[in-house]
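First up is the structure itself, then whatever we jot down about it.
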Amino acid sequence: MCGRTACTLAPDEVSRACTYRNRGGQRRQPRWRDGDAEKYRPSYNKSPQSMNPVLLSQRHFDKSAPVDECVLTSMRWGLIPAWFKENDPSKMQYSTSNCRSENILEKKSYKVHTFVSPVPEPEKRDPTISSKENLVCPPGEASSVLTKRMEDTGEWTGWRLLTMAGLFDCWTPPGGGEPLYTYSVITVNASPNLESIHNRMPAILDGQEEVRRWLDFGEVKSLDALKLLQSKDILTFHPVSSLVNNTRNNSPQCLQPVDLNSKKEPKPTASSKLMVSWLTSRAPSKRKELNTYEGKEEQKGNAKTKRKSAGGLQQWLQGADKKPRTK
């Protein structure tokens with residue numbers, strides 16, 4: 001079900017938005033794993049195969065790290081399991097962008113680690129459907145007022161992140177090469193307010209405590225963590241343009257609400273496009289001259305026609321006055 005998301009925050013904004021409290025109640029801002037901030041690109045239209053920000057326990061990379069320390073990484077959407085033997089991950093024969101919560105303990109592909117993938121969302125808004133345009137921070141931009149408030153209070157006052165539970169793994173090409181971190185978004189049965197759209201929805205982790213319990217694989221047992229994967233009636237939605245169907249479209253219009261009841265304008269034909277292009281390519285003065293010239297030609301033509309008509313009538317009358325010839 002989850003096939004599109006949007007994350008327009010800059011890397012430093014993502015880090016501030018993921019601020020959390022450790023077990024001692026102290027505020028912590030997760031750092032980006034070395035080089036991963038450069039791999040992430042803000043976008044209004046993210047699809048499977050894109051690189052996205054992922055929050056997970058630092059202990060996956062450093063066994064000596066505190067149990068409650070988190071780190072941000074960039075991972076590719078669409079899980080490639082460590083046991084995959086092909087050299088090209090695109091040869092994966094089945095989709096792993098989503099995985100059903102019911103199958104996590106059954107399927108070989110999903111016997112891997114856990115994580116949270118943060119995606120921007122205003123309060124009670126579902127960015128897998130859309131988000132309001134006027135609430136989106138343009139890529140790389142942050143309000144100076146917002147930044148000042150963050151410095152003064154230490155609290156993130158921008159977008160609330162939609163934290164979706166997921167699974168990740170690290171795949172290394174059989175022939176050697178750079179390891180590739182990939183993930184899959186876990187889905188559950190849709191909440192009542194979303195059932196009319198689809199029967200599945202992302203597994204939402206609501207609040208810092210649920211996020212902590214999902215990430216803390218060293219202290220929280222897997223079966224207890226899985227109990228967090230429940231349908232939650234906390235999202236709202238609105239329809240968006242079909243622009244999101246093309247991954248090359250990356251603008252605020254991808255998130256802007258559309259009215260499904262409005263009449264669709266007819267699509268322009270090839271001939272109408274050509275006419276519009278021809279009209280817009282000419283200066284108004286030239287079009288006026290052209291119209292004047294065409295008007296003069298028409299007037300000349302009418303005058304010639306009248307002369308011809310008058311001459312024919314005159315000849316006929318003159319002929320009628322003549323006496324008929326006799327033999």
Test item: [X] side-chain N/O and [Y] main-chain N/O as donor-acceptor pair under 3.5 Å:
{"X": "R41", "Y": "E38", "result": "yes"}
{"X": "R23", "Y": "D68", "result": "no"}
{"X": "E210", "Y": "G207", "result": "no"}
{"X": "Q26", "Y": "N22", "result": "no"}

Taking the basic N atoms (NZ, or NE/NH1/NH2) and the acidic carboxylate oxygens, is any pair closer than 4.0 Å for R31 and D36?
no
Quick one: ring-ring contact (aromatic ring centres under 6.0 Å, His included) partners of Y40, sequence neighbours excluded?
W32
Rounded to the nearest 0.5 Å, how far does CZ of F84 lie from OG1 of T182?
10.5 Å
Using 0.5 Å steps for rounding, measure from the NZ atom of K39 to the CG atom of N52.
13.5 Å
Taking every non-hydrogen atom, the tightest pair across [X] and [Y]:
{"X": "M51", "Y": "K46", "answer": "O-NZ, 2.9 Å"}
{"X": "N245", "Y": "R4", "answer": "O-NH2, 3.4 Å"}
{"X": "L215", "Y": "L56", "answer": "CD2-CA, 3.8 Å"}
{"X": "N250", "Y": "S43", "answer": "OD1-OG, 3.5 Å"}
{"X": "T172", "Y": "G177", "answer": "CG2-O, 3.8 Å"}
{"X": "E178", "Y": "P173", "answer": "O-CD, 3.7 Å"}

Can you sort out the partners of [X] under side chain to side chain donor-acceptor pair (under 3.5 Å), two or more places apart, ordered by chain and number?
{"X": "N87", "answer": "none"}
{"X": "E102", "answer": "R200"}
{"X": "R59", "answer": "none"}
{"X": "Q49", "answer": "R76"}

Do L255 and V258 sit in the same hydrophobic cluster, where Ile, Leu, Val, Met, Phe, Trp and Tyr count as joined when their side-chain heavy atoms come under 4.5 Å apart?
no
For the residue pair F61 and Y181, is the inter-centroid distance of their aromatic rings smaller than 6.0 Å?
yes
Quick check, are the ring centers of H60 and F168 under 6.0 angstrom apart?
yes
Sequence neighbours excluded and cut-off under 3.5 Å, please list the side-chain donor-acceptor pairs for residues 221-231, or say none.
| residue | atom | partner | partner atom | Å |
| --- | --- | --- | --- | --- |
| Q230 | NE2 | K227 | O | 3.1 |
| S231 | OG | N189 | O | 2.3 |

